[in-house]
Amino acid sequence: VAAPRAAAPALSLSKGDVPPVVAVEDYSDDDGDEIMTPEKSNERRDDVVRVLASGVACRAKDVRAALAKKWGLQNENGTQRQIKLAVKAGLIDIKQATLEWGGKPTGNMFVLTTQGRDLAKSLGVQIVRGQYEIGMALHKSVDHLYLILEIADLLRDDGYRDVDPFPPSMTLPGNKQYQPDIKARMPSPDNTIISIEVERDTFKAANRDDRVGKWMRAAEAGRGVIYLVTPNNEAMATIVAEIDAVRKQKPQQKIQVKAFSVSDFRAQKSA
């Protein structure tokens with residue numbers, strides 16, 4: 001099993017520019033903006049609803065980027081007021097995720113309320129089942145979902161292609177089902193598609209047989225290799241130790257771990 005602090009060759013990401021750490025986002029404070037109801041005309045506030053209804057983004061930073069592109073803005077600062085208006089009008093809910101890799105302690109995700117969905121329909125927008133709905137059906141945790149979307153971005157930025165943060169379940173020999181967290185095509189000559197496990201350092205299922213089976217299936221899907229990403233090195237040490245225990249319990253199964261943590265990756269980029 002790879003040392004917890006060692007970046008795995010197969011998942012080693014290149015250095016680049018670290019996004020600046022910004023203040024915690026607050027879309028709920030009353031800064032004097034007019035509280036607008038869905039009946040009142042506000043084209044750019046309605047654009048916030050249109051972007052969320054399209055399903056292309058749910059994280060606040062992705063929604064801001066989509067709006068800035070839509071409006072031809074040079075930066076995302078000009079999007080904040082319209083998002084606040086949408087929140088105050090009861091069109092979107094804010095879901096807060098805990099970030100565990102340093103920098104900002106939390107990150108926001110947006111989801112349309114019933115009012116927001118009604119407004120989208122009145123605007124003639126077809127509502128698409130988006131990242132939040134799909135992700136929460138698979139993972140049940142906003143913290144895990146946000147982490148998965150963050151890692152998917154890191155992989156894309158490093159040249160991985162066909163990155164899917166919501167891959168379908170795989171059927172392994174013996175009709176065993178395996179649900180990876182991410183699938184991606186490696187930036188290598190053979191274009192290998194890998195299945196990636198994204199793990200936080202949280203309490204795991206009481207039924208240890210479930211966890212043993214999970215890692216056995218992950219190793220089988222990876223032809224003996226488990227590809228692992230964690231938010232920080234503490235989580236990596238915990239999960240690697242768990243996998244090592246499985247390897248000792250099932251010596252007949254070849255298990256190798258290739259891993260990196262988001263915190264280490266960000267530290268490398270800022271070095």
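Side chains are part of it too, since the values below use all heavy atoms of this structure and drop only hydrogens, waters and symmetry mates.
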Quiz item: In terms of side-chain geometry, is the basic nitrogen of Lys248 or Asp244 positioned less than 4.0 Å from the acidic oxygen of its partner?
Solution: yes
Quiz item: Can you check whether Ile151 reaches Trp101 side chain to side chain, under 4.5 Å on heavy atoms?
Solution: no
Quiz item: Under 3.5 Å, is there a donor-acceptor pair linking the side chains of Asp201 and Thr238?
Solution: yes
Quiz item: Are the side chain of Asn232 and the backbone of Ala235 linked by a donor-acceptor contact shorter than 3.5 Å?
Solution: yes
Quiz item: Side chain of Asp181, backbone of Val198: donor and acceptor closer than 3.5 Å?
Solution: yes
Quiz item: Knowing that exactly one of Glu100, Glu234, Glu150 qualifies, which makes a salt bridge (charged side-chain N to carboxylate O under 4.0 Å, His left out) with Arg200?
Solution: Glu100
Quiz prompt | SB check Asp153 Arg59 (cutoff 4.0 Å) | solution = yes
Quiz item: Can you find a side-chain donor-acceptor pair between Ser261 and Asn233 that sits under 3.5 Å?
Solution: yes
Quiz item: Is there side-chain contact between Glu197 and Ile239, with at least one heavy-atom pair below 4.5 Å?
Solution: no
Quiz item: Is the side chain of Gln131 donor-acceptor paired with the backbone N or O of Cys58 at a distance under 3.5 Å, no angle test?
Solution: yes
Quiz item: Below 4.0 angstrom, N of the basic side chain to O of the carboxylate: do Glu43 and Arg50 qualify?
Solution: yes
Quiz item: Does the side chain of Ser169 pick up a donor-acceptor pair with the side chain of Gln177 at under 3.5 Å?
Solution: yes
Self-check item: Note, Pro168 side chain near Gln179 side chain (heavy atom, < 4.5 Å)
Solution: no
Practice problem: Quick one: pull up NZ in Lys70 and CZ in Arg44 and give me the separation to the nearest 0.5 Å. | Solution: 10.5 Å
Quiz item: Does the side chain of Arg161 pick up a donor-acceptor pair with the side chain of Asn191 at under 3.5 Å?
Solution: yes
Practice problem: Classify the angle between the aromatic ring planes of His139 and His144 as parallel (below 30°), tilted (30 to 60°) or perpendicular (above 60°). | Solution: perpendicular
